Amino acid sequence: MGERISRERAETIVRQFRRYEQHFAEQGIDRRQFLRLIAAGSAAATVLPVLVACGEVSEREATEATTPAPATAQTPATGAAPTPAAGASPTAAAGPQRGGTIVIGTLGEAQTINPLLTNETEGQWRARMLFDEFLKLDLETLEPVPNIAKEWTIDGETTYTFTLQEGVTFSDGTPLTADDIAFTLHAILKKETASPFVPRFIGIEGAEQYNKGEADTIKGIEVVDEQTIKITLKEPNAAFLANLRWLRPLPKHLLEGKNLTDDPFFQQPVGAGPFVFKSWNIGGDFVAERNPHYWQQGLPYLDGFTHRTIADSQSLVIALETGEIEASMYAQPTLADQLKARENLVVLVRPPGVDINGWNFGEKNIEALADPRVRRAIAMAIDVDRFASDFLLGLGKPAIGPVPPGHWAFKQDLQRIPYDPQAAKQLIQEAGATGLRVRLTANAGNKFREDWVTFTQQALAEIGLEGVPDLKEWTQVVQEGTNGTFELICPTFASMTVDPDELYLWFHSQSPRNVSGYSNPEMDKLLEDGRRTLDVEKRKQIYAQVQELIQRDVPVFYAWDRPFINVVTKDFQGYVNTVLSFFERLEEWHRVSS
């Protein structure tokens, strides 16, 4: 074998192989497909020889699994985007045709479509479809680019003057003006709204006083004329332009003086997005139609969409295979080969870093977890390489931190937290935490996370701690992660996608999104400096220190990453495979068949 494997470790690999083979067989993955998944994973050189040596897999099966398949698409474990190049669909020679609809499958139901209050993926995407964005992000570079705001100038690093596109209207035909932009910013920052987007805009001059109720208006927001708005910050903010994607304009003429959290308006909203609301059957179908007044001429191409909630990722796969739905971001990655076998489907591997798993520590709930020695000891007690290899069979890969590799802010030489149970045990003893009992919360039914809980429980026992499995329904896990009532929780609810300033939300001591209770003046200063520094090279240096501090203090242990796939029928073109939502630019999608 490629490396010397102990008998105990070989038995673990065999046990996990049998467990996952049975689990995936119940979901329609045969043995051949399962072996190909392992062969494409990060631990194939370890796992396959063990399985052959133990008689679980024949030499012929191992050879077949490692022989490249004739299909051009990569398996999901490689992390490489399949053809077409750059993850984009080809463009029809005759140009996009208008008409038709699409049915999109999703796992989770949105909590709200109020763009002031959306705090999860589904609601945020629906709000973008109905209300549109002031600025949007380039799908590849993730840089802010014009949208409702046509252009802008910056004066002295803190004053931004935006000119709106001409002819932008709400779906009722009323012109959208700078007054609506100012109204929406005030709505976000109004204390009674309790918007999760307050931390992204609190840096506007006078916003803090307005949010506290100490002022009637926001000093740094000035409507110059109907097409021009000036926004002044109290200090430079490198992420300000990127944050403006969360500014989804509301119609002042319909909402002024109304309750901005639960007015009936939000049950039949009027926005400036590419689609308009039609109906919503909670837990079932969310339906929208083309906005005839959409400001981008010719868009959207589709007549509408249905966003359908389906209970689990296996059911999503069946729905894709039977044609019940036509696209999804949430099909089970381990079924990618099965989906690729369908001639009418395209399977795209999403860029890495979408789902980094590990442990977030509830410092405010257990006093001992406020001690960085205890958090670091827990991380050092867990052999992530072995977990990824022997327990995940290479279907998940070790991770290092919140910043995805390839992002400009990623610190290339960042050192992973070492696996050292002896040193971990010593740290626990020094901290006086021997015998500490902690809940390990994760969502039941996610086999990878269930194994992560079990693996962690065993690792903690070796350093004198007791881990208590706390597997529960997904919505309960989300509630704990949002409210900060967890002790240890997976997923971490502390991700970073677009700009490293997002780490401010999770790790600054004064951020309302800091659900763990982590507090370190050194981290606060770095995050403040990173936010106010505009030079990219200097920001790299700052966020390199942030990543090192995360590794030192371990407010969150970023341990392993697993792939996601996007699936769509060949009836559609115009999509881009991006780290953002696969349906981020649904207005640019079009049907190529009736």
Side-chain angles (χ1 to χ4, degrees), residues 115-116 133-137 142-164 178-191 193 195-225 227-250 409 496 498-514 523-540 542-543 546:
L116 304 175
E133 301 165 312
F134 191 60
L135 297 184
K136 64 183 179 181
L137 299 179
L142 302 183
E143 292 295 320
V145 294
N147 198 47
I148 289 176
K150 177 175 65 174
E151 58 189 10
W152 59 88
T153 58
I154 307 174
D155 181 18
E157 298 187 339
T158 58
T159 300
Y160 296 73
T161 302
F162 298 91
T163 302
L164 276 58
D179 277 328
D180 297 299
I181 304 303
F183 173 79
T184 306
L185 282 169
H186 280 80
I188 291 172
L189 289 161
K190 189 175 183 180
K191 182 179 181 179
T193 306
S195 172
F197 303 112
V198 167
R200 300 181 185 272
F201 298 108
I202 200 69
I204 297 174
E205 187 178 2
E208 190 171 357
Q209 291 81 359
Y210 178 78
N211 182 254
K212 291 179 178 179
E214 298 172 356
D216 295 329
T217 190
I218 301 174
K219 180 180 179 182
I221 298 175
E222 177 188 352
V223 175
V224 179
D225 56 44
Q227 295 297 111
T228 311
I229 186 169
K230 181 182 293 186
I231 301 176
T232 302
L233 308 181
K234 61 183 179 182
E235 62 183 6
N237 185 331
F240 177 64
L241 289 174
N243 284 336
L244 286 171
R245 72 190 187 277
W246 301 113
L247 173 55
R248 281 86 184 270
L250 291 169
M496 192 238 98
V498 174
D499 190 282
D501 181 67
E502 294 167 44
L503 299 175
Y504 186 104
L505 303 177
W506 319 121
F507 298 125
H508 193 283
S509 63
Q510 300 304 308
S511 169
R513 304 289 296 276
N514 180 346
M523 177 68 84
D524 285 353
K525 185 177 187 306
L526 285 171
L527 293 172
E528 291 162 6
D529 289 346
R531 172 170 282 190
R532 67 169 65 98
T533 300
L534 303 182
D535 183 271
V536 173
E537 290 304 316
K538 292 180 179 177
R539 293 191 81 205
K540 283 183 181 179
I542 292 169
Y543 287 109
V546 168

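Throughout, residue positions are numbered sequentially from 1 according to the sequence presented. Only a predicted model underlies this, so the values are computations on that prediction, with no experimental measurement involved.
A side-chain donor-acceptor contact under 3.5 Å links T184 to the backbone of L250. Not one N or O on the side chain of T228 forms a donor-acceptor pair closer than 3.5 Å with the backbone of V224. Looking at R245, its side chain does come within 3.5 Å of a backbone N or O of A242 through a donor-acceptor pair. A donor-acceptor pair under 3.5 Å is absent between the side-chain atoms of N147 and the main chain of A149, judged by distance alone. The closest donor-acceptor contact from the side chain of S195 to the backbone of L116 lies under 3.5 Å. Of the possible donor and acceptor atoms, none in the side chain of T232 sits under 3.5 Å from a partner among the backbone N and O of T159. Formation of a donor-acceptor pair under 3.5 Å by the H186 side chain with backbone atoms of I218 is found in this model. For the pair N211 (side chain) and L189 (backbone), a donor-acceptor distance under 3.5 Å is present. The backbone N or O of L505 lies less than 3.5 Å from a partner atom in the side chain of S511, making a donor-acceptor pair.
Atom CG of D535 sits in a crowded spot, with more than 12 heavy atoms from other residues, nucleotides or ligands closer than 6.0 Å. The environment of K191 atom NZ is sparse: at most 12 non-hydrogen atoms of other residues, nucleotides or ligands sit within 6.0 angstrom. Heavy-atom contacts from other residues, nucleotides or ligands closer than 6.0 Å to NZ of K234 number more than 12.
Atoms CZ and CD1, on R200 and I188 in that order, are 10.5 Å from each other to the nearest 0.5 Å. Taking CD of E222 as the reference point, atom CD of E205 lies at 11.0 Å (rounded to 0.5 Å). Annotation: the span from K538 atom NZ to I542 atom CD1 amounts to 9.0 Å, rounded to 0.5 Å.
Two residues are said to be in side-chain contact when any heavy atoms from C-beta on lie closer than 4.5 Å; W506 and R513 meet this criterion. Residues I231 and L185 are in side-chain contact: their nearest non-hydrogen atoms beyond the backbone lie under 4.5 Å apart. Here the side chains of F134 and I181 are in contact, with some heavy-atom distance below 4.5 Å. Contact of the L135 side chain with the V145 side chain is not registered, since no non-hydrogen atoms from C-beta on lie closer than 4.5 Å.
Proximity of the aromatic rings of W152 and Y160 is defined here by a centroid distance below 6.0 angstrom, and this criterion is not met.
None of D499, D501, T533 except one satisfies the side chain to side chain donor-acceptor pair (under 3.5 Å) rule with R539; the exception is D499.
Remark: R531 qualifies as a cation-pi partner of Y504 under the 6.0 Å distance and 45° angle criteria applied to the six-membered ring.
A salt bridge links E537 and K540; the closest N-O separation between the charged side-chain nitrogens and carboxylate oxygens is under 4.0 Å.
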